[in-house]
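Shown next, in structure tokens, is the structure this report addresses.
Within every chain, numbering begins at 1; the chains are lettered A, B, ... in the order of the sequence lines, protein sequences first and strands thereafter.
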Number of protein chains: 2
Amino acid sequence: MELARRRGHEVLTSEEVAASVNTNAVIVRRSLGDLQRAGMVRARRGNGAGYSLARSATEITLLDVWLAVAPEPLLALHHGEPNLECPVGRGIRPVLTDLYDEATDTFRAALARSTVADILQRILA
Amino acid sequence: MELARRRGHEVLTSEEVAASVNTNAVIVRRSLGDLQRAGMVRARRGNGAGYSLARSATEITLLDVWLAVAPEPLLALHHGEPNLECPVGRGIRPVLTDLYDEATDTFRAALARSTVADILQRILA
DNA sequence: CCGTACGTAGCAGTGATGGTTACTTTTGCC
DNA sequence: GGCAAAAGTAACCATCACTGCTACGTACGG
């Protein structure tokens, strides 16, 4: 959570972030790369480089982050084809994808209700 | 979907279900075993054995199925501990689990709105 | 008692993820 | 211009979960 270092440090290196998450700097660069492609984070390179927020923390929702780092469909159908000779096998997929989409939408709506700023405020409270 | 064979066949063997899902009988037995432990399906053994619904299809929601077969938390925290020297690292987990629970609840509520009977009706429509 | 089909263990193949190392590229500073 | 710092990225390995398969134990009807 990038905003916490708006108390002095304008940018954070991947090493610093990795230390605070107890993981590897490369993992951080990979994840922040996703957020950067989604336009929520800026990366400066070269000497004195590091990451900073590209948008205000009040304008970044959990949903934004979720979409940037999780391309997977949350509910996946069985990989293989069902047996098309069975009447259920033929018709089940559109119905299930429909229901999946519905459930996924409510899930996303819940994520969209919280911004990074909200979360930070609740952490510091 | 077990109800479709209430047009004659009282029980289905794992082999028959596997054929209709284009998968292996053992996989079916494992999955239906979960549903059986959750009380939604009955299994008869011995000669002429097979599976049948333990409750009416109108009394089985997608949420029931989901809970029976998916014990995973849908949104998992990072496995490792965050750095506890960072103020954000210390406080973030309760906040995130809270938000995760909230989103997961709305997701489950959406699943609870559909029963197996509903799905079957939509398939045959 | 015998055959059928569930229950379950064990194993190989696959794919996703995390972690590490190493190398390239960019860029500020001297 | 050259050096050093740090992002970007590729390659590789370990781990884990899941599917699919074989095989065997177990319950139960005829």
Side-chain angles (χ1 to χ4, degrees), chain A residues 2 5 9-54 65-83 89 93 96 100, chain B residues 2 5 9-54 65-83 89 100:
Chain A
E2 321 269 12
R5 89 289 327 231
H9 310 357
E10 264 310 308
V11 300
L12 275 190
T13 69
S14 58
E15 302 278 351
E16 294 172 297
V17 178
S20 96
V21 191
N22 269 345
T23 185
N24 192 282
V26 175
I27 308 298
V28 171
R29 290 202 283 263
R30 288 206 270 243
S31 295
L32 289 188
D34 290 337
L35 297 184
Q36 187 183 193
R37 270 180 287 278
M40 327 170 52
V41 154
R42 250 190 313 261
R44 290 214 314 261
R45 302 169 63 156
N47 200 339
Y51 294 96
S52 57
L53 288 186
V65 179
W66 174 265
L67 292 178
V69 302
E72 86 274 3
L74 186 58
L75 279 179
L77 294 173
H78 195 315
H79 308 301
E81 292 234 327
N83 187 339
R93 285 193 291 183
L96 278 190
Y100 287 179
Chain B
E2 321 270 10
R5 90 289 325 232
H9 311 356
E10 263 311 308
V11 300
L12 276 190
T13 69
S14 56
E15 303 277 351
E16 294 172 298
V17 178
S20 96
V21 191
N22 269 345
T23 185
N24 191 280
V26 174
I27 308 296
V28 172
R29 289 204 282 264
R30 288 205 270 244
S31 296
L32 289 187
D34 289 337
L35 298 184
Q36 187 183 196
R37 269 179 287 278
M40 325 172 52
V41 154
R42 251 191 310 262
R44 290 213 312 262
R45 299 169 66 155
N47 202 337
Y51 294 95
S52 57
L53 288 186
V65 179
W66 173 265
L67 292 179
V69 301
E72 86 272 6
L74 184 59
L75 278 179
L77 295 173
H78 196 314
H79 307 302
E81 292 234 325
N83 187 340
Y100 287 0

**Request:** Please name the pair of heavy atoms, one in B:V65 and one in B:M40, separated by the smallest distance, quoted to 0.1 Å.
**Result:** CG2-CE, 3.7 Å
**Prompt:** Can you find a side chain N or O atom of A:T23 that sits less than 4.0 Å from OP1 or OP2 on C:dG18?
**Reply:** no
**Euclidean distance, atom CZ of residue B:R42 to atom C1' of D:dC28 [Å, nearest integer]** = 17 Å
**Fill in**
Taking every heavy atom of A:L35 against every heavy atom of A:V69, the minimum-distance pair comes out as CD2-CG1, 3.9 Å
**Rounded distance in Å - CZ (A:R44) to P (D:dA6)** = 12 Å
**Complete:** Residue pair A:N47/A:N22 against DNA chain C: nearer the 5' end by closest nucleotide is A:N22
**Message:** What is the distance, to the nearest angstrom, from the CG atom on A:D34 to the P atom on C:dT17?
**Reply:** 11 Å
**Message:** At less than 4.0 Å, is any side-chain N or O atom of A:T13 found next to OP1 or OP2 of D:dA6? Yes or no.
**Reply:** no
**Request:** Looking only at non-hydrogen atoms, find the nearest pair between A:S52 and A:V11 and report the distance.
**Result:** CB-CG1, 4.2 Å
**Request:** Would you indicate, yes or no, if C:dC6 has its OP1 or OP2 atom less than 4.0 angstrom from a side-chain nitrogen or oxygen of B:S14?
**Result:** yes
Can you pull every protein N or O that's under 3.5 Å from an N or O on nucleotides 14-16 of chain D?
none

I'd like a table of donor-acceptor pairs (distance under 3.5 Å, sequence neighbours excluded) in which one partner is a side-chain atom from residues 16-27 of chain A, with atom names and distances.
from, atom 1, to, atom 2, distance (Å)
A:E16, OE1, A:T13, N, 2.8
A:E16, OE1, A:T13, OG1, 3.3
A:S20, OG, A:V17, O, 3.2
A:N22, ND2, B:E81, O, 3.0
A:N24, OD1, A:V26, N, 2.8

**Complete:** Sequence neighbours excluded, the answer for side chain to side chain donor-acceptor pair (under 3.5 Å) partners of A:R44 is none
**Asked** Quick one: side chain to side chain donor-acceptor pair (under 3.5 Å) partners of A:D34, sequence neighbours excluded?
**Response** A:R37
**Request:** Summarise protein proximity over nucleotides 7-12 of chain C in one line of letters, 5' to 3': B for base, S for sugar-phosphate only, - for none, counting protein heavy atoms closer than 4.0 Å.
**Result:** BB-B--
**Message:** It should be established whether A:N24 places a side-chain nitrogen or oxygen under 4.0 Å from OP1 or OP2 of nucleotide C:dT20.
**Reply:** yes
